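Note sheet for the following structure.
Here the structure is a predicted model, which is why all the values come from computation and not from measurement. FYI, the numbering just counts along the sequence from 1. Read the numbers this way: they start at 1 and go in the same order the structure lists the ligands and their atoms.
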Amino acid sequence: MDLSSEVMREMYWMMLLARRLDERAWVLHRQGKIAFHISGIGQEAAQVGAAFALRKGEDWVTPYYRDLALMISLGLTPKEYVLSLMGKAGDPSSGARQTPSHFSLRRVNAVSQSAPVATQCVHASGIGLAIKMKKTNQVVLTTLGEGSTSQGEWYEAVNWAAIHQLPVVFLVQNNQYAISVPPEMQMAVKSVADKACGLGLPGISIDGTDVFGVYKSFLEAFETARSGNGPTLIEAKMYRLTPHSSDDDDRTYRSREEVEEHKKKDPLLLARQVLLEKSVATEAELDTLDKKAKEMITEAVNFGEQAPYPKAEEGMHPVYFEEVQHG
Ligand SMILES: Cc1ncc(C[n+]2csc(CCOP(=O)(O)OP(=O)(O)O)c2C)c(N)n1
Ligand SMILES: [Mg+2]
């Protein structure tokens, strides 16, 4: 595909920054500095590929809790993410009132989700309908896990988008588990994409570990949506490399060998290989980027530790009604 070296490096940088930030969140949790972490490690390629195909700040996004790399690509800063992890004032997602990683960011039209999975898809179809009625030429990206496609809200949202040919793209990040439940116990079809034919929209299944391939698929799906030709369901296949959350012991339901095997298809390593093979970057340049990411994150953690907590009475304020002050 015709991608400039600059864009390829930028995509890699977003994946790398999100990965190092995510890893640091695990450390902060184990140090007792944050109460909870839910990780996107292993899912960065699908998220970054999709984000780069969007018109940032113009289109709409209703993300889910693993979308750190998506949000970083849209412009969430490590400092802002650390504020949310630590429940500090200035957290842009909710002013520290929502569980961390329930992302939202007003300046890029990213709308927060509720805790019940798949409810963000209904919001996406609603926004899609508004776009169609207002003729604003935007699209909506909504994301969820494969387990969440068992939810009624998901069917309702997709059905509605298909009936009204709404400009919505449904990204299902099939990471092979819904907490401890594998896909074969979640659905009787072979893949999530198969569900599309019963709902009347195109459904494709793609390799969610190849950031550049994902980008291409999303360019096409967004173009279809923007030109009035309706929604697409994209299932991106990948593997959840971490436990479900900081509070889950995945040794109770999957073997270490299985996890190790999937680390060979770590999307960050695959992107790194492509950059090296195509001489888009040298080993030394990529190592420098890694150092830069770690420095930025250390600075963000220091910033978060110094930041004040919100005032107690702010806990009673509505989450969306007022403009959140950025830290
Ligand atoms: C309606 C509802 N049921 C159960 C839960 C608890 N829960 C949170 S995440 C999760 C797993 C979802 O799995 P999947 O959709 O595959 O996403 P993943 O976490 O694997 O990315 C569950 C069951 C919830 N948040 N909402
Ligand atoms: Mg899953």
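In this structure, the side-chain contact (heavy atoms from CB on, under 4.5 Å) partners of Ala50, at least two apart in sequence or on a different chain, are Leu141, Leu171, Phe218.
Between Glu285 and Thr282 there is a side-chain heavy-atom pair separated by less than 4.5 Å.
At a threshold of 4.0 Å, the pair Arg97-Asp91 does not count as salt-bridged, since none of the basic side-chain nitrogens sits closer than that to a carboxylate oxygen. A salt bridge links Arg256 to Asp250: at least one charged side-chain nitrogen sits closer than 4.0 Å to a carboxylate oxygen.
Between the Arg240 side chain and the Gly40 main chain, no donor and acceptor come within less than 3.5 Å of each other. The main-chain N or O of Ser148 is never found under 3.5 Å from a side-chain atom of Gln151 such that the two would form a donor-acceptor pair.
In this structure, ligand 1 sits under 4.0 Å from heavy atoms belonging to Tyr64, Tyr65, Arg66, Ala115, Pro116, Val117, Gly145, Glu146, Gly147, Ser148, Gln151, Asn175, Tyr177, Ala178, Ile179, His244.
Using a cut-off of 2.8 Å, one finds that Tyr177 contributes an N/O/S atom close to the Mg ion (ligand 2). Among the backbone and side-chain atoms of Ser148, none of the N, O or S atoms lies under 2.8 Å from the Mg ion (ligand 2).
In terms of distance to the Mg ion (ligand 2), the nearest N, O or S atom of Glu146 is named OE1.
A side-chain donor-acceptor contact under 3.5 Å links Tyr253 and Asp248.
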